[in-house]
Asks: 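Provided herewith is a single structure, encoded as structure tokens, for subsequent inquiry.
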Amino acid sequence: MDSSACLLYFDDEAESAQRLAQAADLPARCVERHRFPDDELKLRLPVDADGRLPAQIVLLRSLHRPNEKLIELLLAAQTARALGARRIVLVAPYLGYMRQDKAFTPGEAVSQQIVGRFLADLCDALITVDPHLHRVARLQDAVPVPAAVALSGAEALSDLIAQRRPGALLVGPDAESAQWIAQAAARHGFAHAVCTKERHGDREVRIRLPDLAPHALQGRAVVLLDDMASTGRTLAQAARLLRAAGAASVDVAVTHALFVGDALQTLAQAGVGAVWSTDCIAHPSNAVSMAGPLARALREVLVRS
Ligand SMILES: O=P(O)(O)OC[C@H]1O[C@@H](O)[C@H](O)[C@@H]1O
């Protein structure tokens with residue numbers, strides 16, 4: 001694409017980096033990481049023979065399990081600048097720390113704003129997928145970077161559902177999911193509905209099914225679609241209610257496969273069949289790749305030389 005641009009990645013994301021580099025026609029180079037005995041990190045950036053980096057750097061880091069990755073990004077971005085990068089594009093397919101978007105009780109850190117400003121200081125542009133922005137209108141309200149692109153996994157997941165469960169009823173587990181449900185349903189004309197949810201704790205949610213015609217769920221194939229599954233409790237609770245109301249099958253499709261702890265087991269116990277996700281977070285459930293849409297967004301954001 002552009003000889004002045006290069007994609008930098010970390011070894012645990014080598015596969016998604018190769019897919020993105022290929023789709024974007026960019027060279028990809030791995031950042032070397034060394035962990036000192038005291039747990040501190042040392043990074044070594046893959047410089048050219050002259051010890052420099054290209055003028056444009058695409059930094060790929062999906063920010064699940066984000067704490068150490070934030071330090072890696074700090075070290076990598078500042079070193080890249082020192083070595084000649086004039087423009088840094090952060091591709092964070094999953095953008096962590098976006099869910100704590102207000103102080104729910106007095107004294108709480110509003111992590112979304114704090115981490116957002118931290119990332120904005122490191123890069124010139126950000127590309128992400130389905131960021132968790134329930135109470136702010138635009139991605140740049142959370143990450144005040146000059147150029148920001150928020151893609152969605154809904155259409156890619158809709159294509160997959162159309163192949164695997166044509167005629168399924170798409171259900172969103174909570175009001176926030178209505179945006180992805182509408183997008184996915186419109187693409188293939190799926191019937192759709194959205195539940196309501198109250199959250200009472202990290203693993204405690206109460207879901208209410210939408211008002212549907214009597215027997216609407218009887219014998220129906222249902223696919224639950226959401227931006228992410230973390231503990232899986234939201235989807236499990238919705239699946240349990242759907243099965244109890246007569247759904248013949250309940251499968252799950254999410255953009256971000258966090259699936260922490262016993263999430264997958266909880267889903268299986270709730271009667272969930274298949275679990276599909278995008279490759280924004282590498283996980284055995286990955287069934288669709290976002291490399292194409294990410295590469296198209298990169299083409300828009302990179303400055304042509
Ligand atoms: O219920 P778990 O899987 O822990 O959390 C994921 C849910 O919590 C919300 O913020 C997400 O949008 C999703 O609906």
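For this chain, numbers begin at 1 and follow the sequence in order. Order of listing sets the numbers, starting from 1, for every ligand and every atom in it.
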Asks: Less than 4.5 Å apart, side chain to side chain, heavy atoms only: is that true for Phe190 and Val223?
Replies: no

Asks: Of all the heavy-atom pairs spanning Leu157 and Thr255, show the shortest one and how long it is.
Replies: CD1-N, 3.7 Å

Asks: Just list the N/O pairs, ligand 1 to protein, that are under 3.5 Å apart, with the distance for each.
Replies:
unit_1	atom_1	unit_2	atom_2	d
ligand 1	1 (O)	Arg199	NH2	3.2
ligand 1	1 (O)	Thr234	N	3.0
ligand 1	1 (O)	Thr234	OG1	2.6
ligand 1	3 (O)	Ser230	N	2.8
ligand 1	3 (O)	Thr231	N	3.2
ligand 1	3 (O)	Gly232	N	2.8
ligand 1	4 (O)	Thr231	N	2.9
ligand 1	4 (O)	Thr231	OG1	2.6
ligand 1	5 (O)	Arg99	NH2	3.0
ligand 1	5 (O)	Arg199	NH2	3.3
ligand 1	8 (O)	Arg99	NH2	3.0
ligand 1	8 (O)	Lys197	NZ	3.4
ligand 1	8 (O)	Arg199	NH2	2.9
ligand 1	10 (O)	Arg99	NE	3.3
ligand 1	10 (O)	Arg99	NH2	3.2
ligand 1	10 (O)	His132	NE2	2.8
ligand 1	12 (O)	His132	NE2	3.3
ligand 1	12 (O)	Asp227	OD1	2.7
ligand 1	12 (O)	Asp227	OD2	3.3
ligand 1	14 (O)	Asp174	OD2	3.2
ligand 1	14 (O)	Lys197	NZ	3.2
ligand 1	14 (O)	Asp226	OD2	2.5

Asks: In chain order, what residues pass the side-chain contact (heavy atoms from CB on, under 4.5 Å) check against His215, with sequence neighbours excluded?
Replies: Gln218

Asks: Just distance, no hydrogens or angles: give the donor-acceptor pairs under 3.5 Å from side chains in residues 33-45, sequence neighbours left out.
Replies:
unit_1	atom_1	unit_2	atom_2	d
Arg33	NH1	Glu72	OE2	2.8
Arg33	NH2	Asp11	OD1	2.5
Arg33	NH2	Asp12	OD1	3.3
Arg35	NH1	Glu68	OE1	3.2
Arg35	NH2	Glu68	OE2	2.6
Asp38	OD1	Glu40	N	3.1
Arg44	NH1	Glu32	OE2	3.2

Asks: State, with a plain yes or no, whether a side-chain heavy atom of Leu119 is found less than 4.5 Å away from one of Leu63.
Replies: yes

Asks: With salt bridge (Lys or Arg N to Asp or Glu O under 4.0 Å) as the rule and sequence neighbours excluded, what pairs involving residues 138-160 come up?
Replies: Arg138-Asp141, Glu155-Arg187, Asp159-Arg187

